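Structure first, then comments.
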Amino acid sequence: MLKDRITGAKALMRALQAEGVKTIFGYPGGAIMPVYDALFDYTRGEKKCFDHILVRHEQGATHAAEGYARVSGEVGVALVTSGPGVTNTLTGIADAMMDSTPIVVIAGQVAISALGTDAFQEVDLVGVAQPISKWSYQIRHAEDVAWAVSRAFYIARTGRPGPVVLDFPRNAQVEEIDWEPMKVNFVRSYVPYPKLDNEAVRQAAELINSAKKPLALVGQGVELGNAQKELQAFLEKADIPAGRTMLGLSALPSNHPLNAGMLGMHGNYAVNLKEQECDVLIAIGMRFSDRVTGNLKTYAKQAKVIHLDIDPSEIDKNVKTDVAIVADCKESLPAITALLKENSHQEWRDSFKPLDEKERVKVIEPAIHPKEGPLRMGEVVNMVAEKNADDAILVTDVGQNQLFATRYFKYHHRRSICTSGGLGTMGYGMPAAIGATFAAPDRTVCCFMGDGGFQMCIEELGTIMEQKAPVKMILMNNHYLGNVRQWQDMFWMRRKSFTKMMNPSYELIAQGYGIPYQAVVDRKDLASAVEKMLTTDGPFILECAILEEDNVLPMTPPGMNVNEMMLEI
């Protein structure tokens with residue numbers, strides 16, 4: 001019987017195919033060239049099974065893989081070379097780790113015979129990546145390819161998802177082996193789905209049934225666990241208002257009657273204040289970030305705390321819990337719901353309304369319906385949201401554009417937001433939006449960026465041009481690093497140290513890349529410009545001239561209590 005003898009590079013192709021990979025974001029180089037040669041046959045002709053997207057920078061490859069993963073629910077894949085090729089991915093790897101995004105980064109490496117000799121473009125990738133990934137491994141021999149790839153995807157997508165890094169020395173790429181497929185679905189000492197504790201479920205249900213002022217805090221774990229329906233059933237049965245973290249915004253539709261708004265430093269006024277008044281706090285798939293809790297010494301001390309999370313390391317890490325349920329929320333939520341009484345908390349929910357109205361009058365109306373002066377970020381976001389179909393996807397960069405966009409966009413469907421939460425990575429937006437268009441080609445992808453973040457990964461306009469990726473780019477240009485400028489104004493005696501920006505002509509840049517462009521300065525032109533952007537096939541850049549000193553409000557100053565949120569400066 002003839003053996004199926006292939007190189008390690010071709011084995012990688014077969015292993016990726018076995019994992020259901022369809023899209024790869026990458027950038028070739030010397031140490032990964034055997035893999036790219038094997039990839040040639042798998043991206044064209046009868047053998048085609050992958051789309052390879054040539055990015056313009058390796059950081060863009062990881063962010064594009066993140067955007068793909070966040071929208072599709074599948075594992076994103078980045079393929080790069082050694083040395084600077086892979087060190088350029090480290091920001092994206094760290095970003096994916098902080099935000100629990102499943103990606104696999106595969107990097108070339110010098111042959112194992114050259115390791116430790118400071119060979120050209122050698123870097124200790126496993127050592128560098130280990131603290132910022134779920135698993136980092138070097139494939140030293142071709143015979144290990146099938147096992148390593150299957151294990152990488154298993155670890156990346158199960159439990160609390162995250163990034164995995166595979167270091168692929170050149171010798172292992174060119175060695176020949178007898179191909180044998182392998183499927184890893186068990187790793188000793190790794191328990192991705194802890195067993196549900198029924199006693200903890202009973203205790204949680206008991207606390208919720210006796211609560212007079214329950215409040216749920218909904219995080220991205222609901223999205224990652226595909227538990228949106230289970231969440232709604234849980235909230236509706238017990239009539240519990242719910243705040244959502246930034247990454248969890250599309251876990252509950254914006255128009256749901258139990259949606260109490262966004263949590264956090266720049267979230268909604270009522271839900272943040274009510275964290276300090278509720279008697280039972282139910283945290284679901286969220287990690288009690290400092291941007292949500294404010295001063296931990298005073299945070300929700302009056303409340304009994306129930307924490308549902310798949311990751312045991314999150315329990316009691318920041319906030320002491322009374323009942324912890326370590327399990328997949330798709331399993332834990334229905335288990336609790338089955339024990340809940342049908343309930344009504346109308347009086348408690350009504351108590352949110354005066355605070356919501358106060359925020360509407362002082363903050364929201366002036367932000368989205370200003371009567372005069374330059375354009376405001378809030379009104380731009382609101383206009384784009386109103387003109388879009390219900391299934392639009394929000395992608396943001398980082399800064400004021402992110403905070404305004406997440407506040408005023410509308411969420412109707414699951415997996416409708418891509419933003420860099422834990423790491424706060426400027427330059428994330430454009431490449432993540434590219435990934436989102438490949439994950440959901442039938443949905444509109446709107447990417448909001450400030451002039452700072454736009455320029456951090458501006459080279460990915462080349463990827464958009466080549467792929468004709470239909471990213472609707474909304475550039476909110478205030479000629480400042482706006483968020484830093486706001487903090488300088490508020491906390492640093494208005495000493496604007498290196499936050500003013502001299503910007504290029506974005507019209508000429510758009511022209512150079514062949515991307516349709518329009519600028520909006522006057523408010524009267526905004527609606528028609530947004531309609532033009534949304535009805536133009538393919539990519540579009542809409543540049544909006546924004547009030548230079550537009551500020552994001554409300555705001556809980558750093559280190560302050562969440563109920564000390566400011567509605568004005």
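Note that the structure is a prediction, hence the values are computed from the model and not measured.
- For Asp451, the side chain to side chain donor-acceptor pair (under 3.5 Å) criterion is met by Asn503, not counting sequence neighbours.
- Checked by atom type and distance alone, the side chain of Trp135 never pairs as donor or acceptor with a backbone atom of Ala152 at under 3.5 Å.
- Proximity of a side-chain donor or acceptor of Asp95 to a complementary backbone N or O of His63 within less than 3.5 Å is not detected.
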Worked verdict on Ser351 versus Lys274 for side-chain hydrogen bond (donor to acceptor under 3.5 Å, both in side chains): CA-CA 9 Å; Ser351 72; Lys274 291 298 182 177; 3.0 Å; yes

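- Between the side chain of Tyr154 and the backbone N or O of Asn185, at least one donor-acceptor pair lies under 3.5 Å.
- Counting only N and O atoms by type, the side chains of Glu277 and Gln302 include no donor and acceptor under 3.5 Å apart.
- Looking at Asn209, its side chain does come within 3.5 Å of a backbone N or O of Ala205 through a donor-acceptor pair.
- Sorted by first then second residue, the salt bridge (Lys or Arg N to Asp or Glu O under 4.0 Å) pairs that include residues 243-259, not counting sequence neighbours, number zero.
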Stepwise salt bridge (charged side-chain N to carboxylate O under 4.0 Å, His left out) check, Arg287 with Asp309: CA-CA 8 Å; Arg287 59 187 179 84; Asp309 206 286; over 6 Å; no

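- Nearest heavy-atom pair, Ala303 versus Cys278, reported as atom, atom and distance to 0.1 Å: CB-O, 3.5 Å.
- Side-chain atoms of Ser254 come within 3.5 Å of backbone N or O of Tyr411 as a donor-acceptor pair.
- A distance of 11.0 Å separates OG1 in Thr556 from CG in Asn295, rounded to the nearest 0.5 Å.
- Sorted by first and then second residue, the salt bridge (Lys or Arg N to Asp or Glu O under 4.0 Å) pairs with a member in residues 413-437 form an empty list; sequence neighbours excluded.
- Other residues, nucleotides and ligands place no more than 12 heavy atoms under 6.0 Å from the CD atom of Glu347.
- Counting heavy-atom neighbours within 6.0 Å of Lys22 NZ, excluding the residue itself, gives a total of 12 or less.
- Remark: side-chain polar atoms of Gln486 are paired, donor with acceptor, to backbone N or O of Val552 under 3.5 angstrom.
- Thr419 and Gln402 share a donor-acceptor pair across their side chains, judged by distance under 3.5 Å alone.
- By the salt bridge (Lys or Arg N to Asp or Glu O under 4.0 Å) test, Lys358 is found to be paired with no residue, residues two or more places apart in sequence or in another chain being considered.
- With sequence neighbours excluded, no residue satisfies salt bridge (Lys or Arg N to Asp or Glu O under 4.0 Å) with Arg443.
- Residue Lys229 qualifies as open at atom NZ: its count of foreign heavy atoms under 6.0 Å is 12 or below.
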Test side-chain contact (heavy atoms from CB on, under 4.5 Å) applied to Phe448 and Met473, step by step: CA-CA 6 Å; Phe448 289 86; Met473 293 167 274; over 6 Å; no

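- More than 12 non-hydrogen atoms from other residues, nucleotides or ligands lie less than 6.0 angstrom from CZ of Arg349.
- A heavy-atom distance below 4.5 Å is found between the side chains of Thr101 and Arg70.
- A salt bridge links Lys353 with Asp350: the closest approach of a Lys/Arg side-chain nitrogen to an acidic carboxylate oxygen falls below 4.0 angstrom.
- Of all heavy-atom pairs between Leu215 and Gly243, the closest is CD1-N, 4.4 Å.
- A donor-acceptor contact shorter than 3.5 Å links the side chain of Gln276 to the backbone of Ala300.
- The side chain to side chain donor-acceptor pair (under 3.5 Å) test applied to Glu199 returns Arg202, Gln203, not counting sequence neighbours.
- Atom-to-atom distance recorded for Gln220:CD and Ile284:CD1 is 14.5 Å, nearest 0.5 angstrom.
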Working for side-chain contact (heavy atoms from CB on, under 4.5 Å), residues Val201 and Ile325: CA-CA 7 Å; Val201 168; Ile325 301 177; 4.2 Å; yes

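- Judged as a salt bridge (Lys or Arg N to Asp or Glu O under 4.0 Å), and not counting sequence neighbours, the contacts of Lys330 are Glu230.
- Not a single donor-acceptor pair under 3.5 Å links the side chain of Glu223 to the backbone N or O of Gly248.
- Applying the salt bridge (Lys or Arg N to Asp or Glu O under 4.0 Å) test to Arg157 and every residue at least two apart in sequence or in another chain returns Glu19.
- Ring centroid separation for the pair Phe288 and His307 comes in under the 6.0 Å cut-off.
- Identified under the salt bridge (Lys or Arg N to Asp or Glu O under 4.0 Å) test for residues 386-400, with sequence neighbours left out: Lys387-Glu531.
- One side chain, Tyr190 or Thr158, offers a donor N or O that lies under 3.5 Å from an acceptor on the other.
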Stepwise salt bridge (charged side-chain N to carboxylate O under 4.0 Å, His left out) check, Glu359 with Arg407: CA-CA 12 Å; Glu359 180 185 3; Arg407 277 182 59 84; 2.7 Å; yes

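- Under the 3.5 Å distance criterion, the side-chain polar atoms of Asn259 are left unmatched by any main-chain donor or acceptor of Asn255.
- With sequence neighbours left out, Asp311 forms a side chain to side chain donor-acceptor pair (under 3.5 Å) with Arg160, Ser313.
- Electrostatic pairing of Glu549 and Arg485 does not count as a salt bridge here, judged by no charged N lying under 4.0 Å from a carboxylate O.
- Interatomic distance, CH2 of Trp492 versus CH2 of Trp487, reported as 10.5 Å (0.5 Å rounding).
- Inspection of the Asn478 and Glu548 side chains reveals no N or O donor paired with an N or O acceptor under 3.5 Å.
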Steps toward side-chain contact (heavy atoms from CB on, under 4.5 Å) verdict (Val323, Leu207): CA-CA 9 Å; Val323 178; Leu207 279 176; 3.8 Å; yes

From CA spacing to verdict: side-chain contact (heavy atoms from CB on, under 4.5 Å), Gln488, Val484: CA-CA 6 Å; Gln488 287 173 338; Val484 184; 4.0 Å; yes

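- Applying the side chain to side chain donor-acceptor pair (under 3.5 Å) test to Asp550 and every residue at least two apart in sequence or in another chain returns Arg376.
- Atom SG of Cys447 and atom CE of Met430 lie 7.0 Å apart (nearest 0.5 Å).
- Separating the CE atom in Met449 from the CE atom in Met476 is a distance of 10.0 Å, to the nearest 0.5 Å.
- Between Asp279 and Lys304 no salt bridge is recorded (no basic side-chain N to carboxylate O distance below 4.0 Å).
- Side-chain atoms of Glu275 and Tyr299 form a donor-acceptor pair, as typed in the model, at a separation below 3.5 Å.
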Determine all donor-acceptor pairs shorter than 3.5 Å in which one atom belongs to a side chain in residues 562-569; sequence neighbours excluded.
{"residue": "Glu564", "atom": "OE1", "partner": "Asn561", "partner atom": "N", "Å": "2.9"}
{"residue": "Glu564", "atom": "OE1", "partner": "Asn561", "partner atom": "ND2", "Å": "3.4"}

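- Looking at Leu394 and Thr406, their side chains come closer than 4.5 Å, going by heavy atoms from C-beta outward.
- In this structure, Asn272 contributes its side chain and Asn268 its backbone to a donor-acceptor pair below 3.5 Å.
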